[in-house]
Amino acid sequence: MNVSDLLSYCMNKPGAEQSVHSDWKGTQVKIDDVLFALLHYVDGRPAVALKTTPALADLLREEHKDVVPSEHLNKSHWSTLLLDGSLKDSQIYYLVDASWQQALNTKTAH
């Protein structure tokens with residue numbers, strides 16, 4: 001999986017908007033100002049930070065060495081997935097969908 005393919009997938013989500021976060025040197029993808037993906041590089045490796053439930057975050061980190069707590073975000077909800085690691089593309093797409101759905105739920109709850 002590469003960053004440009006994943007960014008295209010994220011931007012195809014209804015309401016998705018992208019911006020650059022200069023402090024984190026990453027591309028934020030939001031829906032109505034609610035972040036659902038942060039594409040960036042970790043030690044030169046392509047990565048994406050995605051929001052999950054704390055239980056899913058723990059499970060992913062236990063099962064995949066390429067899933068770690070996100071450096072700049074709430075570590076109990078946000079995980080960074082290394083895109084050149086062991087996760088299958090289908091797993092990454094599923095987690096993007098779940099993160100987008102959580103952002104959508106956050107948006108509609110306000």
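Below, all heavy atoms of this structure are taken into account, side chains as well, without hydrogens, waters or symmetry copies.
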Is there a side-chain contact between [X] and [Y] (heavy atoms, below 4.5 Å)?
X	Y	result
N2	L83	no
H40	T80	yes
M11	V29	yes
P69	R61	yes
L81	D66	no
C10	F36	yes

inquiry  = I'd like to know if the side chain of D5 reaches the main chain of M1, judged simply by a donor and an acceptor atom lying under 3.5 Å from each other, with no hydrogens or angles considered.
reply    =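 A pair under 3.5 Å: no.
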
Kindly work out whether a path of hydrophobic side-chain contacts (I/L/V/M/F/W/Y, heavy atoms less than 4.5 Å apart) joins [X] to [Y].
X	Y	value
L104	L95	yes
V3	V68	no
L82	L87	no
V42	W78	no

Could you pull out all donor-acceptor pairs under 3.5 Å where a side-chain atom in residues 43-51 meets a protein atom, sequence neighbours excluded?
residue: R45; atom: NE; partner: D84; partner atom: OD1; Å: 2.9
residue: R45; atom: NE; partner: D84; partner atom: OD2; Å: 3.3
residue: R45; atom: NH2; partner: D84; partner atom: OD1; Å: 2.9

inquiry  = Would you say that more than 12 heavy atoms from the other residues, nucleotides or ligands in this model lie under 6.0 Å from the CD of Q101, or not?
reply    =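 Above 12, so yes.
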
Rounded at 0.5 Å granularity, tell me how far [atom1] in [X] sits from [atom2] in [Y].
X	Y	atom1	atom2	result
T106	I31	OG1	CD1	10.0 Å
H72	D23	NE2	CG	8.5 Å
S99	L35	OG	CG	7.0 Å

task = Could you pull out all residues at least two apart from D97 that satisfy side-chain hydrogen bond (donor to acceptor under 3.5 Å, both in side chains)?
result =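 Per chain and number, D97 pairs via side-chain hydrogen bond (donor to acceptor under 3.5 Å, both in side chains) with Y9, K13.
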
inquiry  = Going by the rule side-chain hydrogen bond (donor to acceptor under 3.5 Å, both in side chains), which residues pair with S90 if we only count those two or more places apart in sequence or in a different chain?
reply    =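 Here no residue qualifies.
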
query = For T27 and L38, what are the C-alpha separation, side-chain angles and deciding distance, and is it a side chain to side chain contact (heavy atoms under 4.5 Å, CB included)?
reply = CA-CA 6 Å; T27 300; L38 175 66; 5.9 Å; no

ask   = Any chance the side chains of Q28 and S19 put a donor and an acceptor closer than 3.5 Å?
value =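 S19 and Q28 do have a side-chain donor-acceptor pair below 3.5 Å.
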
ask   = Taking all atoms of both residues into account, what is the closest heavy-atom pair of S79 and S70, and its distance?
value =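 Closest approach of S79 to S70: C-OG, 3.1 Å.
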
request  = Considering non-hydrogen atoms only, spot the tightest contact between Q91 and K88 and give its length.
outcome  =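 Heavy-atom minimum between the residues: OE1-N, 2.8 Å.
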
Verdict with supporting geometry, L7 and Q18, side chain to side chain contact (heavy atoms under 4.5 Å, CB included) = CA-CA 9 Å; L7 181 58; Q18 83 178 63; 3.8 Å; yes

